[in-house]
Structure formats: structure tokens, C-alpha cells
Amino acid sequence: MQAWDVIVIGAGAAGLMCAAEAGKRGRRVLVLDHGKRIGRKILMSGGGRCNFTNYYTEPAAYLCDNPHFVKSALARYTQWDFIALVEKHGIAYHEKTLGQLFCDDSAQNIVDMLVAECDAAGVTIRLRAEVLNVEPMGEGFAVTTAGEPYRCQSLVVATGGLSMPKIGASPFGYRLAEQFGLKVLPTRAGLVPFTLQPEDKQTLEGLSGVSLPVVAKSECGTRFAENLLFTHRGVSGPAVLQISSYWQPGQRVCFELLAEGSLSGAVAESPNQELKTWLARYLPKRLVDALLARGELVSKPLKQYTHKELAAIEQRLAAWPLQPGGTEGYRTAEVTLGGVDTNELSSKTMEAKKVPNLYFIGEVMDVTGWLGGYNFQWAWSSGWVCGQVV
């Protein structure tokens with residue numbers, strides 16, 4: 001049975017960061033992953049360019065049952081620390097929008113950087129090494145794979161969530177937490193497109209490909225100003241992905257298609273213009289036609305509307321309601337909400353309070369960031385703080 005100081009299960013963003021940091025401290029580190037490629041989610045992210053962090057990372061951008069949990073790790077290893085690492089490796093990058101940083105070339109640059117950091121720290125990475133069993137052994141753990149058994153002093157679980165099953169996502173980390181008596185909060189898909197109710201699908205599916213800037217609003221009061229995209233399955237785009245993390249089944253989402261007050265001045269300016277003609281100056285014509293076909297609007301010359309009717313139209317366009325039928329689920333979700341309860345873990349080290357030398361980092365725990373590099377930053381931050389102590 002091979003002995004290691006640290007075994008990290010999962011060769012993704014958090015796992016590789018943790019392994020490299022532990023290795024720098026002289027620890028003998030083994031990374032095990034059941035897949036055949038390192039950093040599969042990194043490679044897929046950002047359209048293959050990896051949105052690796054965000055200039056505006058702050059605790060408020062994270063959903064967690066314990067909102068204070070993320071503060072320590074994010075303060076100790078910041079977006080600026082990761083940017084410095086990227087620059088040290090000579091990786092060219094750019095800001096796209098809203099502080100989102102992407103590689104100029106390829107997400108492979110980030111994977112290569114992490115592997116280089118692990119190599120320099122003497123970390124061993126073994127792929128196609130599915131973990132079959134984990135048991136306590138003395139003050140550490142026995143880890144059995146299909147290939148051979150190992151033992152370690154510290155065990156780090158960096159197995160991610162359930163999103164994107166086609167790249168190997170599994171509930172392994174949740175099952176392991178429960179095996180050791182840790183609470184796991186219910187999971188659901190986050191940063192995910194919505195599907196539509198049958199009656200809405202019938203009248204809106206013709207809008208597939210239409211995109212426009214909106215403000216998406218959840219019933220809990222959360223708002224995101226981003227783009228809405230109609231698809232043949234429902235609605236997507238950054239506005240929908242962001243608000244989906246705050247949505248519960250049965251709730252409505254409202255979209256501000258036009259700011260309230262926009263229509264009032266139009267009557268004096270163009271009294272003889274038809275409503276649909278005026279709206280087509282600000283909204284995609286196909287959307288205007290769909291709203292008319294659905295009976296949500298009636299078009300006539302602007303001067304023929306009463307003040308009350310204009311106010312009702314304005315209100316409708318400022319908070320256009322949509323009740324999703326559901327989401328597309330883990331198949332297309334970027335993240336998993338819920339997971340290992342952070343109240344079971346130390347916010348400074350990521351160690352399980354009830355199980356010495358057992359650690360959970362990254363997406364496997366109940367921490368979910370906004371769209372735009374926030375989840376990668378959580379992987380770097382949680383992996384880094386864990387790597388300082390394992």
C-alpha cells in the first residue's frame with residue numbers, strides 16, 4: 001500500500017491548486033482522477049478560453065447557506081493573486097465584460113499552468129484512477145482504486161458537483177461526505193437555461209435566436225442586467241443563467257424589456273405612430289410581433305391610448321412576467337447549487353470539523369458563484385487555503 005502525505009481526489013481547478021500548494025510545502029501529494037484528461041471543466045469553460053476569474057470578485061457574489069463562509073478564503077487568496085500567477089506564466093488575457101477575464105488563446109493555457117505548478121512542486125497525478133472505497137486508517141485514510149490501494153494522512157475531496165455529466169460529473173463527493181457523517185444540502189442545477197410552459201413554448205419558440213439586453217428580476221428581489229436569449233427550448237443568455245440560481249420551481253421571473261417611462265415621451269414626439277412601430281425601434285421586431293400575437297399588447301396609434309392604458313403597457317414592458325416550466329437540468333448547467341454543508345467545515349482550512357484530516361474544496365461544497373469567473377475564483381481560493389495546511 002503506497003503511502004502519501006496528501007491525496008487529492010479530483011484533477012480539476014480546486015484540486016490542482018490545492019495539490020500544487022501542498023507540494024510547495026514539501027508534502028508528498030498524489031492526485032487521483034477517474035477521467036482521462038486533466039481539468040476537463042476548465043477546458044470547456046468560456047467557449048474554450050476559460051473565464052478564469054473576475055476583477056469584481058467579492059463575497060456578495062456567492063450563494064451559500066452560511067453567507068459568511070466564503071469571506072476568509074476569498075480574502076486570503078484573491079483574484080489579484082491568481083492574475084499574478086497567470087502573468088507569471090506569461091498567459092495573455094483580456095477583459096470581456098463586467099470584469100470577466102478570459103485567455104486570449106486557449107483554456108489549455110490555464111491547465112498547462114496548473115500542471116506546471118504541480119510538476120514544480122513534485123506532485124504526482126494519476127488519471128483513470130477511479131476511487132472505489134475510502135476508509136479511516138489510524139489518523140489518516142485508506143483509499144482504494146481499481147488499480148491499487150493507497151494510504152494518506154490528509155484526504156482532500158475536490159470532485160465537483162453534478163453539472164455537465166458528459167465530462168464525468170458524479171455525486172461521489174456527496175456520498176463520501178455522508179459516509180463520514182457530514183450533512184449534505186439538497187442539490188439542484190445552477191447557472192442554467194429555463195424551459196418554458198407548453199403554452200409559452202408554442203408562442204415563443206419562433207423567437208429562437210433573438211437576443212436583447214434586459215434586467216432579470218427574481219421573486220426574492222435579485223436583479224441582473226444582462227442579455228436574454230430566446231432558444232428553441234426556452235430562454236437562456238447571461239441574464240437567465242444568473243437569475244436561475246435564485247429561482248425556485250413555481251416562481252415567476254420578470255424581465256425589464258423597456259425601462260418604465262420610456263413610452264410616455266413617445267406620445268408627444270410621435271402621436272400618429274403605431275405602438276408596434278415605435279416599439280420596434282427599441283425591441284427586436286420578432287419579439288414585438290410575438291407580444292402582439294400573445295395578446296399582451298394591442299397596437300394602435302399612440303395618441304389613441306389613454307394615460308391608464310399607456311401606464312399599463314409601460315408596466316408590462318418594465319416587468320414582463322414569465323413562469324418557467326423548469327430548467328434544462330445538470331446536462332447544461334454550469335454549476336451545482338447545494339452540496340456539502342459549509343457549517344460542517346472550517347472556513348479557514350476547509351477541514352471537516354468532525355473528521356480530522358478530511359477536507360472539501362471547490363464546487364462539491366455549498367458555495368455557488370455568479371456567472372463570470374466567480375466559481376473559478378472560489379476553486380482557486382478554497383484550493384489555496386486548503387493547500388497551506390494539508
Side-chain angles (χ1 to χ4, degrees), residues 8-16 31-51 63 107-108 110-111 114 125-134 145-146 156-179 182 184-196 231-238 240-242 244-245 247-249 324-341 360-371 373-376 378-379 382-383:
V8 178
I9 306 177
L16 294 173
V31 179
L32 300 173
D33 194 287
H34 68 273
K36 58 184 179 182
R37 292 191 75 183
I38 292 170
R40 286 161 294 171
K41 204 164 184 181
I42 299 173
L43 294 169
M44 285 187 65
S45 70
R49 293 198 174 184
C50 186
N51 179 194
L63 291 84
Q108 187 67 51
I110 299 296
V111 174
L114 294 168
I125 301 174
R126 293 189 179 155
L127 300 176
R128 296 184 176 177
E130 184 180 0
V131 175
L132 303 177
N133 193 44
V134 175
T145 69
V156 181
V157 182
T159 50
L162 299 172
S163 53
M164 300 186 184
K166 66 183 176 185
I167 59 168
S170 82
F172 176 87
Y174 309 137
R175 290 201 298 259
L176 187 60
E178 289 172 337
Q179 176 189 329
L182 306 185
V184 176
L185 299 178
T187 58
R188 59 191 176 91
L191 300 182
V192 63
F194 287 135
T195 58
L196 297 175
T231 72
H232 63 282
R233 287 186 295 268
V235 288
S236 186
V240 167
L241 300 188
Q242 293 280 41
S244 70
S245 295
W247 175 81
Q248 297 288 346
T327 73
E328 290 189 7
Y330 294 117
R331 183 180 63 82
T332 57
E334 297 206 12
V335 292
T336 304
L337 292 151
V340 179
D341 189 346
F360 292 82
I361 58 175
E363 192 184 345
V364 71
M365 68 175 80
D366 172 39
V367 174
T368 303
W370 290 350
L371 182 74
Y374 296 94
N375 288 291
F376 273 126
W378 177 247
S382 61

Over all heavy atoms of both residues, which pair between A11 and L16 is shortest? Give the atoms and the distance, please. O-CD1, 3.8 Å

Heavy-atom closest pair (H34 atom, E130 atom, distance to 0.1 Å) is CB-CA, 3.8 Å

Could you tell me which non-hydrogen atom of V364 sits nearest to which non-hydrogen atom of Y174, and how far apart they are? O-CE2, 3.2 Å

Go through the steps for R126 and L32 under the test side-chain contact (heavy atoms from CB on, under 4.5 Å), then give the verdict. CA-CA 5 Å; R126 293 189 179 155; L32 300 173; 4.1 Å; yes

Contacts of D33 meeting salt bridge (Lys or Arg N to Asp or Glu O under 4.0 Å) (sequence neighbours excluded), chain-then-number -> R40

At their closest point, which heavy atom of F376 faces which heavy atom of K41, and how far apart are they? CZ-O, 4.3 Å

Result of checking V157, V156, D366 against F360 for side-chain contact (heavy atoms from CB on, under 4.5 Å): V157

Could you check whether any side-chain N or O of S244 sits under 3.5 Å from a backbone N or O of L191, counting only pairs where one atom can act as donor and the other as acceptor? yes

Tell me which pairs pass salt bridge (Lys or Arg N to Asp or Glu O under 4.0 Å) where either residue lies in residues 156-179, with sequence neighbours left out. none

May I ask you to test the L337-S245 pair for a side-chain heavy-atom distance under 4.5 Å? yes

Keeping to residues at least two apart or across chains, list the salt bridge (Lys or Arg N to Asp or Glu O under 4.0 Å) pairs with something in residues 325-341. R233-E328, E328-R331

Can you see which heavy atom on A189 is nearest to which on T327, and at what distance? CB-OG1, 4.3 Å

Is it the case that more than 12 heavy atoms not belonging to R37 sit under 6.0 Å from its CZ atom? no

